[in-house]
Chemist: 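Structure in structure tokens, see below.
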Amino acid sequence: MCAVSQEELNVYKSAEARFEYAAQKMSLEDGVYRYLKYPSKEITVYLPVAMDDGRLEVFIGYRVLHSSVRGPGKGGIRFAPDVSIDEVRALAAWMTWKCAVVNIPFGGAKGGVICDPSKLSKTELERITRRYTGELSDWFGPERDVPAPDIGTNDQTMAWVMDTYSMHVRQATTAVVTGKPLELGGSLGRKEATGRGVMMCCDNALAKLKMKKDGCRVIIQGFGNVGSQAAILMHKAGYKIIGLADIHGGLYNDKGFDVPKVIDWVYTQGKKLHDFPGGGDKQSSKDVLFHPTDILIPAATENQITTENASRVDCKILCEGANGPVTSHADPIIENKGIFVIPDILGNAGGVTVSYFEWVQDRQGFFWRESEVNERLQDVMDQSFDQVVRYAESHGVNNRIAAYIMAIDRVARALKLRGIYA
Ligand code: GLU
């Protein structure tokens, strides 16, 4: 029996609860509150796709544009079996707040297709992606809505989006999508960007809490793009990675993992993380979250920390690499423990920040050195971290609510300046 209510696990409700609390704290005007509470528009597409065995299958896809007040919609495309319209709505709203927290000129959007990429061939995935993009070719555009990778999609998926869109508009349009391969106008540093942003936030938190980096214990749940990049970068920087997990299971080793060896095992040899022979106690991917540690980085999916298990979290810093890993109902439990929280809309914003750099480079037709990308990312993350923490301290709210208030305020100001078209 599951002790956590469906209401708690509804990510749209979680996103809404934080928005409402922040709106109330900042006395957001009623009309603006109503405007920002709902998405700007949303669409469901039914995608007929020829499967490799000759069957015709129909996949359901969504795209939600939450806001284009500060610029074109921005946000990933998720391919997963449990994608739902509520999840996509929540993720789209989070993109609006995320882009506003790091002050990049985008609104928020998100898309998804209900499918299981692990059970589909590359050619089937290509046909799903192309049909999805074809159906949305009037919706996407460098000035309208710019997709990117998310769970279940990658740089190859983005290459297909770019190609399909370009065929529809009869010209090569690299800036329609970010997270592309380098050969197609991708940016150096984009692949590492979300993990790098996570590390930059942790570096800032350590400085703030006067903790030492060397030997600082870190547990990372999730070994996809975000988790694996955070692990490798943080290991190199001197952090001690004592816990790792992916969808199949977790590993704990208080002596710390040799992360390059784990990466080689999983990514070069294609083996399962929890079969890694280099030491570590096998456990479930949830259990790895509850060992004592200095930093805990949930970088997998939503709803990992709930009212049922939040009391078991034992860390000083919780940096959210995933979107929505802590339910809104669990927020007070984490807060009462005095844990320093780096909320998702700041913690994982490194990805969309470098997506912004990619979009800028594509539109300029001029590409930056990797060091330039990373330096600019560092500036954005340091400044955003500083602003959120200062706001929290000066207004007596927690970091998450400070980030929401700053973001909502930026969007509301832009909305006021634009006015309402009628
Ligand atoms: N899917 C990523 C996120 O949730 C990246 C979005 C983007 O780069 O547009 O932040």
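Everything numeric in this text was worked out from a predicted model, so none of it was measured. Just the heavy atoms: all of them, side chains too, but no hydrogens, waters or symmetry mates, feed the values below. Atoms within each ligand, like the ligands themselves, are counted from 1 in listed order.
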Chemist: Does ligand 1 have an atom that lies less than 4.0 angstrom from a heavy atom of P149?
Modeler: yes
Chemist: Among side-chain atoms of W94 and N323, is any donor-acceptor pair under 3.5 angstrom?
Modeler: no
Chemist: Has R18 got its NZ or CZ under 6.0 Å from the middle of the six-membered ring of Y404, at an angle within 45 degrees of the ring axis?
Modeler: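 Checked: cation-pi criterion not met.
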Chemist: Keeping K240 on the side-chain end and V218 on the backbone end, is there a donor-acceptor pair under 3.5 Å?
Modeler: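 Judged by distance alone, no pair lies under 3.5 Å.
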Chemist: Which part of K110 is near ligand 1, with near meaning a heavy atom under 4.0 Å away: side chain, backbone, both or neither?
Modeler: side chain
Chemist: What are the two closest non-hydrogen atoms of P298 and P325, and how far apart are they?
Modeler: CB-CB, 3.7 Å
Chemist: Of the choices K74, M158, R78, K98, which has the non-hydrogen atom that lies closest to atom 10 (O) of ligand 1?
Modeler: K98
Chemist: Can T178 and R190 be counted as having a side-chain donor-acceptor contact under 3.5 angstrom?
Modeler: no
Chemist: Looking only at protein heavy atoms, identify the closest one to atom 6 (C) of ligand 1 and say how far it is in Å.
Modeler: M95 CE, 3.7 Å
Chemist: May I ask you to identify the nearest protein heavy atom to atom 8 (O) of ligand 1, giving residue, atom name and distance to one decimal place in Å?
Modeler: S355 OG, 2.6 Å
Chemist: So if I count the atoms of ligand 1 from 1 in the order they appear, which ones are less than 4.0 Å from some heavy atom of N323?
Modeler: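 So the atoms of ligand 1 that pass are 4 (O).
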Chemist: So, D86 and S84: side-chain donor and acceptor under 3.5 Å apart, yes or no?
Modeler: no
Chemist: Tell me whether A148 has any N or O atom under 3.5 angstrom from an N or O of ligand 1.
Modeler: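 It does not: no N or O of A148 is found under 3.5 Å from an N or O of ligand 1.
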Chemist: Please report which non-hydrogen protein atom sits nearest to atom 1 (N) of ligand 1, along with the residue it belongs to and the distance in Å to one decimal place.
Modeler: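 Minimum-distance protein heavy atom for atom 1 (N) of ligand 1 reads D150 OD1, 2.8 Å.
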Chemist: What orientation do W97 and F19 show, parallel under 30°, tilted 30 to 60°, or perpendicular over 60°?
Modeler: parallel
Chemist: For ligand 1, which atoms, with element, lie under 4.0 Å from some heavy atom of R190?
Modeler: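 Per the distance check, 5 (C), 8 (O).
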